[in-house]
Amino acid sequence: MSRPTATRANGSRMDPAGGPLAGRHVLLGVSGGVAAYKAAALVRGLLREGATVQAILTESAARFVGAATFEGLTGRPVHTDVWADAHTVPHVALAREADVAVVAPATANVLAKFASGMADDLLSAAYLCLRCPVVIAPAMHTEMWEHPATRASVDVLATHGVELVGPASGSLAGGDEGLGRLVEEDELLDVVRRLAGTNGGGPLAGKRVVVTAGGTREPIDPVRFIGNRSSGKMGYALAAELVRRGANVDLVSGPSHLAAPGGARVHHVETALEMREAVLRLVDDADIVVKAAAVADFRPADYHKQKLKKESDEFAEVVLTRNPDILAELGERKNGTLLVGFAAETDLEEERGRDKLHRKGLDLIVINRVDMADAGFGVDTNRALLLDVNGGRTEVPLTTKARLATMVCDQVEDLIERAGEHEGSDDL
Ligand code: PMT
């Protein structure tokens, strides 16, 4: 049966079947906050773009906005209860039919449940069954957003490969102002469009990509090592985004507490030499290498099998030797592989970045700040300057690492397309 053609408020006709989300099935989870009313507007936006929308309301959400509102808008029954129609196993069935899932607004309670794997209601049980891209838009009071418990949930969710959008700053419930407001509908629609449209059909689909992440550890003795503060978050976010775009991803990771991004093959290494060995083994089959790892430039020249006594001279005089520069080595032996390097800098100095881009034979370099609390090592956010081999320059102000990963992937796709155009013109 064909979808009805809707009429806009101004009388003009719109054909949802032709919208950017045509044929896409969006699962919308709504949890209990004042912003739940905005989810109804989001449904309209999704329908306008051609999506079919299936809503799941938590019990608390239904106290803010009735299920009838969502049923009327979506034209589908709204689910709130894991026990209703239990024979259809709704948490599994609803998750399986989704191309993209959006949870908006997501309360602190929902973030905590998702992060801990609790599944005591339909929405949290469905979350565990989702295998499609997931967008989560938190909304709550500033105090709740800033509480260490919520920060911990957000950190864990980042390891699930979900895309967190917001919250924004502005008016909150009870007349308060601050960080915690649900982001605007347009911002959410942008993310949904991107995730729905780039789920395997773009220039990265089928490309073999090696991503490095995390820091290396260079052992002194069985107890101590020289290391750095890299958590792996940047590299893991890149791997997750590349998988989402249909790439075939090998993730070479230094020690990290992060969960492996679904769909990527993870190769665990500890030292720079092990990372080099793994990368060189994988690179011959790779179309693209993305080096987000913080590789130790030096290692102890000697490894002591016995724990060094702290008063020993050997400990006071650990001699260092230089590690190989893996990226420079890849640049030297480059054979059609697209190379993306990172540079950890205390400023976004363009000239030095360009020099590194050319010296290491890179196609793209991501220079990121490591001297600010909200960028670089360990945190979920970053600030960067992207320079490409064609002279392109993109400054990225404070954003999430997940978002920066999408921007890096966008640029890689541009580079692939430009390379394709070049090949085409050579043939003429
Ligand atoms: O893991 P997170 O906590 O999320 O932090 C992310 C990050 C800050 C580590 C990441 O975004 C980043 O900047 N990674 C590169 C850090 C770095 O080593 O920068 P560099 O300027 O020293 O090295 C430049 C490039 O050469 C990097 O791509 C690096 O992987 C590579 N390199 C460096 C040394 C070496 N011996 N071999 C290399 O391949």
Side-chain angles (χ1 to χ4, degrees), residues 154-155 158-159 210-218 226-241 251-258 261 269-280 282-283 288-299 320-334 337-349 352-387 396 398-405 407-408 412:
V154 167
D155 280 350
T159 71
V210 177
V211 180
T212 69
T216 62
R217 284 182 183 174
E218 312 298 328
I226 295 174
N228 60 64
R229 293 167 44 225
S230 174
S231 61
K233 285 181 178 175
M234 191 64 245
Y236 279 52
L238 282 156
E241 182 59 25
L251 174 62
V252 180
S253 173
S256 167
H257 70 282
L258 302 177
V269 297
E270 188 152 332
T271 64
L273 292 180
E274 286 170 10
M275 182 167 280
R276 173 178 178 274
E277 199 270 322
V279 170
L280 294 187
L282 294 163
V283 71
I288 300 161
V289 178
V290 183
K291 288 224 70 237
V295 185
D297 291 311
F298 294 92
R299 67 178 185 277
L320 300 180
T321 184
R322 195 174 275 280
N323 269 328
D325 187 322
I326 308 166
L327 189 55
E329 211 173 318
L330 295 180
E332 274 162 28
R333 45 179 275 176
K334 195 169 174 185
T337 314
L338 199 148
L339 282 187
V340 181
F342 270 69
E345 302 287 353
T346 45
D347 55 44
L348 299 182
E349 223 269 277
R352 209 167 52 243
R354 265 205 195 283
D355 177 60
K356 218 176 232 182
L357 177 84
H358 294 302
R359 203 162 25 86
K360 295 202 179 190
L362 309 180
D363 298 276
L364 177 66
I365 189 159
V366 183
I367 309 168
N368 55 181
R369 299 287 298 248
V370 290
D371 59 332
M372 300 174 84
D374 57 9
F377 292 104
V379 289
D380 293 316
T381 48
N382 214 345
R383 297 169 186 267
L385 174 65
L386 276 55
L387 302 175
V396 186
L398 181 64
T399 191
T400 61
K401 284 183 177 168
R403 177 86 187 110
L404 178 58
M407 296 174 96
V408 171
V412 168

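Just so you know, these numbers come straight off a predicted model, no measurement behind them. Counting begins at 1 with the first residue of the sequence. Every heavy atom of this structure was used, including side-chain atoms; hydrogens, water molecules and symmetry mates were not. Numbering of ligands and ligand atoms starts at 1, following listing order.
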Peer 1: Find out whether Thr212 and Leu327 are in side-chain contact, i.e. whether some heavy atom of one side chain is under 4.5 Å from a heavy atom of the other.
Peer 2: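 The answer is no, as the side chains (C-beta and beyond) never meet within the 4.5 Å cut-off.
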
Peer 1: Going by the rule side-chain contact (heavy atoms from CB on, under 4.5 Å), which residues pair with Asp297 if we only count those two or more places apart in sequence or in a different chain?
Peer 2: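 None.
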
Peer 1: Where do Arg333 and Val283 land on the side chain to side chain contact (heavy atoms under 4.5 Å, CB included) test, with the steps shown first?
Peer 2: CA-CA 10 Å; Arg333 45 179 275 176; Val283 71; 3.5 Å; yes

Peer 1: Identify the heavy atoms of Ala278 and Val269 that sit nearest to each other, and give their distance.
Peer 2: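 Heavy atoms of Ala278 and Val269 come nearest at CB-CG1, 4.1 Å.
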
Peer 1: Under a 4.0 Å N-O cut-off, is there an ion pair linking Asp363 with Lys334?
Peer 2: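 Yes, this pair counts.
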
Peer 1: Count the heavy atoms of every other residue, nucleotide or ligand shown that sit under 6.0 Å from CZ of Arg322, and state whether that count exceeds 12.
Peer 2: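 No.
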
Peer 1: Can you name the residues that come within less than 4.0 Å of ligand 1, going by heavy atoms only?
Peer 2: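 Within 4.0 Å of ligand 1, protein side: Ser230, Ser231, Gly232, Lys233, Met234, Lys291, Ala292, Ala293, Ala294, Val295, Asp297, Pro324, Asp325, Ile326, Leu327, Gly341, Phe342, Ala343, Ala344, Lys356, Lys360, Asn368, Gly376, Phe377, Gly378, Lys401.
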
